[in-house]
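Following: one structure in structure tokens, then a few remarks.
When a ligand or atom number is given, it counts from 1 through the structure's own listing order. Hydrogens, waters and symmetry mates play no part in the numbers below; they use all other heavy atoms, side chains included.
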Amino acid sequence: MTIEVRAPASSANLGPGFDCVGISFALYTTVRVKVQDALEIVPIGPDLQDTPRDESNIVYQAMLALSEAAGQQLPPVRLEIESGIPLARGLGSSAAALVAGMVAANELLDRPLDTQSLFDLASRLEGHPDNAGASLVGGAVVATFDGQGAKYLQFQLPENLRALLVVPQYALETSKARGILPDTYSRTDMVFQLSHAALLAAGLASGNLAVFKEAMRDRLHQPYRAALVPGLLELLEGAPEHGALGAALSGAGPSVLCFYEANSDVSALKAFLTGVLEQHGVTALLEELPLDNAGVQVSLHPEN
Ligand code: HSE
């Protein structure tokens, strides 16, 4: 029996929802797990060639964390890992890896953890619930997290919402993008942030796309991270003027997420984005990525 688990990519923050809002994309990390006599970790594909093949592997660590939380012993397994999610681009590759590992171990151990417990564990492993939560349950997630447990609501993403991602060729480590943030903020900035995050959550929950342009403005992280992401502020300011519903740094970056409405013409938006990237000497892919409303998926293959 092989257990196959597919966990989607995600975009955290959507501007003001720092560490508490995420959405998921139809781009996946897939793991296949089968019990055998000794541990064997098999990363597949050129992007994963530097992935550890021993117990330090992040997917395997997530499997161990799950078995520990369940109070059960993990049997030795063959673990195959395949990923279509670019690493260190702000697209939730590490969250997808740990969600896939946790859910595979949960299946292997006959599902000792329910979805809420999986959400809590994923948030603890990742440190915040935005990417991991979206990867686990799909759609849009709004969550609080106290370091142990999360309270969250999941919404299906509006049917007419589409995403265009700017995915630069260079990587940006999350730790570096977090290290650049200040420790304190003014009350004015806090009020700005709260009001925009609240409007963003209301826009996602109601499916009212008209508020996104204003709702995705942020003063907590994007202005500071702009020092690490050439052209960021121009991209964010200009995208809504060229047909985007709104734009935000995707997670800790360096990718940039632009929302647009289904059936709208994105050629002016693409030309604008390409122009700004060229001015800043940044090589990047522009990708129209379908959104994911399903979250992690499990399939069982008894014949293997
Ligand atoms: N909310 C996180 C951040 C996402 O922006 O740093 C990256 O893991």
Check your understanding: Any idea which part of H128 is under 4.0 Å from ligand 1, heavy-atom wise: side chain, backbone, both or neither?
Key -> side chain

Point to revise | Main-chain N/O of K176 paired with R178 side-chain donor or acceptor, under 3.5 Å | key: no

Point to revise | Interfacing atoms of ligand 1 (cut-off 4.0 Å, heavy-atom, G251) | key: 5 (O)

Point to revise | Per-atom contacts, ligand 1 versus N13 - under 4.0 Å to a heavy atom | key: 1 (N), 3 (C), 5 (O)

Check your understanding: Which of the atoms in ligand 1, numbered in the order shown and given with their element, are less than 4.0 Å from a heavy-atom of R225?
Key -> 3 (C), 5 (O), 6 (O)

Revision key, fill the gap. Short version for Q222: what comes under 4.0 Å of ligand 1, heavy atoms counted, is neither

Practice item. Can you establish whether the number of heavy atoms outside Q116 located under 6.0 Å from its atom CD is more than 12? Key: yes

Exercise for review: Considering the heavy atoms of F18, write down every atom of ligand 1 situated less than 4.0 Å from one of them.
Suggested key: 3 (C), 5 (O), 6 (O)

Review point. Who's closest to atom 7 (C) of ligand 1 heavy-atom-wise, of L220, D130, N131?
Key: N131

**Study point:** Exercise: do Q148 and D120 side chains pair donor with acceptor under 3.5 Å
**Key:** no

Practice item. Please round to the nearest 0.5 Å and tell me the distance separating atom CG of N263 and atom CG of N160. Key: 9.0 Å

Exercise for review: Hey, can you tell me if F18 and H221 have their rings parallel, tilted or perpendicular (30° and 60° cut-offs)?
Suggested key: tilted

